[in-house]
Novice: 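Before we start, here is the structure in question, set down as structure tokens.
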Amino acid sequence: MNLILLGPPGAGKGTQAQYLIEKYGIPQISTGDMLRAAVKEGSPMGLKAKACMDSGNLVPDEVVIGIVRERLQKDDCNQGFILDGFPRTVPQADALRETLIELDKKIDAAIALTVDIDALVERLAGRRTCPVCGAGYHLLYDPPHVAGVCTKCGATLVQRDDDKEETVRNRMQVYAQQTLPLIEYYRKTGILYEIDGMDSIDSVRSQIEAVLRNDS
Ligand code: ADP
Ligand code: ADP
Ligand code: ZN
């Protein structure tokens with residue numbers, strides 16, 4: 001099963017990807033996680049990406065396209081994969097289409113999570129992230145077992161710098177201008193499934209599972 005998760009920052013893509021990884025045994029390809037790892041390593045690519053990420057702007061297309069192209073060729077993608085946070089622009093979607101033709105793969109479903117702006121802001125304000133294993137939590141809606149501590153690996157949770165209010169506003173604009181057109185892009189190809197992302201985490205999860213049952 002080859003999937004794309006679409007939706008604005010805070011829509012719940014990473015949260016739902018965690019369930020899909022377990023259920024289908026396929027890897028999550030999160031360009032955000034991969035870029036944050038590159039920043040942490042201090043690689044030349046990471047240094048270039050950092051300024052864009054800190055301001056809430058997108059990293060240049062050619063950088064992310066290169067990362068994803070390489071990642072999709074790894075053996076663990078043979079049974080399927082979940083793209084989370086990619087593509088985010090029309091040129092990225094075009095590049096993905098070409099790469100998949102080269103690799104003789106196709107996307108089965110693009111799942112778009114729809115969430116109101118006010119809820120997005122609240123979700124990002126309360127999001128806490130594990131800097132070690134990448135797990136995501138919410139102070140109210142998905143708290144860890146012990147406050148401030150990652151349930152999966154025991155590390156101390158942090159708030160991502162780009163989840164602070166000033167940056168969040170810019171990220172919403174960037175989404176509306178550069179990523180929203182992808183909803184129509186995938187609707188035209190007939191693989192778009194829109195899901196009400198305002199529901200609880202469990203309900204969104206069941207809706208996605210229902211779509212995928214009917215699709216496969
Ligand atoms: P994305 O990957 O789309 O940016 P996340 O999955 O990280 O979004 O979710 C953003 C925040 O909202 C996290 O703190 C997460 O725990 C919380 N969250 C995710 N889905 C829901 C939901 N359906 N209802 C309430 N909070 C949610
Ligand atoms: P969120 O889960 O809140 O949507 P991400 O972790 O996906 O955020 O992305 C964080 C930042 O990483 C983005 O604001 C952007 O700077 C960069 N980034 C991630 N994916 C992409 C992409 N496909 N194209 C360009 N920039 C990206
Ligand atoms: Zn952790």
Side-chain angles (χ1 to χ4, degrees), residues 4-20 28-39 46 48-68 71 82-93 95-96 111-116 119-145 148-163 167-168 170-175 178-179 182 195-208:
I4 296 175
L5 292 177
L6 280 174
K13 303 179 296 295
T15 301
Q16 297 300 329
Q18 289 309 310
Y19 296 123
L20 295 167
Q28 169 195 22
I29 302 180
S30 160
T31 40
D33 286 350
M34 290 191 279
L35 289 167
R36 279 185 290 278
V39 170
K48 224 163 79 184
K50 188 175 186 312
C52 305
M53 296 172 79
D54 283 349
S55 58
N57 293 320
L58 296 183
V59 172
D61 284 335
E62 59 276 14
V63 174
V64 275
I65 288 168
I67 299 179
V68 172
R71 183 67 187 85
I82 306 156
L83 286 169
D84 165 7
F86 181 95
R88 252 177 159 97
T89 64
V90 170
Q92 290 180 22
L96 175 65
I111 295 176
L113 302 174
T114 310
V115 178
D116 292 355
L120 292 172
V121 170
E122 195 199 357
R123 286 184 188 184
L124 292 177
R127 173 157 69 178
R128 295 294 179 270
T129 309
C130 177
V132 175
C133 78
Y137 300 89
H138 191 279
L139 293 177
L140 297 177
Y141 306 125
D142 190 13
H145 290 166
V149 178
C150 179
T151 305
K152 290 194 180 143
C153 79
T156 301
L157 301 177
V158 297
Q159 181 175 32
R160 271 169 46 181
D161 280 339
D162 61 346
D163 278 349
T167 318
V168 164
N170 186 37
R171 286 163 70 203
M172 292 302 159
Q173 272 180 10
V174 167
Y175 174 80
Q178 305 198 52
T179 310
L182 295 184
I195 301 244
D196 180 7
M198 288 295 286
D199 277 349
S200 68
I201 293 176
D202 283 346
S203 157
V204 173
R205 176 187 187 173
S206 326
Q207 290 181 64
I208 294 177

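Start at 1 with the first residue, then count along the sequence. Counting starts at 1 for both ligands and their atoms, in listed order. What you see below is based on every heavy atom in this structure, not just the backbone, and it leaves out hydrogens, waters and symmetry mates.
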Novice: Is the backbone N or O of Gly7 less than 3.5 Å from a side-chain atom of Lys13, with the two atoms forming a donor-acceptor pair by type?
Specialist: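 Answer holds: yes.
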
Novice: If I apply the N/O under 3.5 Å rule, does Tyr141 come out as touching ligand 1?
Specialist: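 Such a contact does not occur with ligand 1.
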
Novice: Can a side-chain donor-acceptor contact be found between Ser200 and Asp202 if the only test is distance below 3.5 angstrom?
Specialist: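 Distance-only check fails for Asp202 and Ser200.
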
Novice: Is the closest basic N to carboxylate O distance between Arg171 and Asp163 below 4.0 Å?
Specialist: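 Looking at Asp163 together with Arg171, the answer is yes, because their closest N to O distance falls below 4.0 Å.
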
Novice: Within the 4.0 Å heavy-atom shell around Tyr137, which atoms of ligand 1 are there?
Specialist: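 Result: 13 (C), 14 (O), 16 (O).
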
Novice: Vertex the Zn ion (ligand 3): angle to SG of Cys130 and SG of Cys153, to 10°?
Specialist: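 Reported to 10°, the angle equals 100°.
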
Novice: What is the minimum heavy-atom distance between Met53 and Arg36, and which atoms define it?
Specialist: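 Distance-wise, the nearest heavy atoms are CE-CG, 3.8 Å.
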
Novice: Look up atom CG in Leu140 and atom CD in Glu122, then write down how far apart they are to the nearest 0.5 Å.
Specialist: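 Those atoms lie 6.5 Å apart.
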
Novice: Taking all atoms of both residues into account, what is the closest heavy-atom pair of Cys133 and Lys152, and its distance?
Specialist: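 Here Cys133 and Lys152 meet closest at SG-CB, 4.2 Å.
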
Novice: Evaluate the side-chain contact (heavy atoms from CB on, under 4.5 Å) criterion for residues Asn170 and Asn57: first the C-alpha distance (whole Å), next the side-chain angles of each, then the deciding distance (0.1 Å), finally the verdict.
Specialist: CA-CA 7 Å; Asn170 186 37; Asn57 293 320; 3.0 Å; yes

Novice: In a check of side-chain contact (heavy atoms from CB on, under 4.5 Å) between Gln178 and each of Thr89, Asp61, Val90, which one passes?
Specialist: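 Single side-chain contact (heavy atoms from CB on, under 4.5 Å) partner of Gln178 among Thr89, Asp61, Val90: Thr89.
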
Novice: Near ligand 2, which residues have a heavy atom under 4.0 Å away from one of its atoms?
Specialist: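 If the criterion is a heavy atom under 4.0 Å, then ligand 2 touches Pro9, Lys13, Thr31, Gly32, Leu35, Arg36, Met53, Asn57, Leu58, Val59, Val64, Gly85, Phe86, Arg88, Gln92, Arg127, Arg160, Asp162, Arg171.
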
Novice: Need the ligand 1 atom indices (1-based, order shown) with element for anything under 4.0 Å from a heavy-atom of Ser200.
Specialist: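 Answer for ligand 1: 23 (N).
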
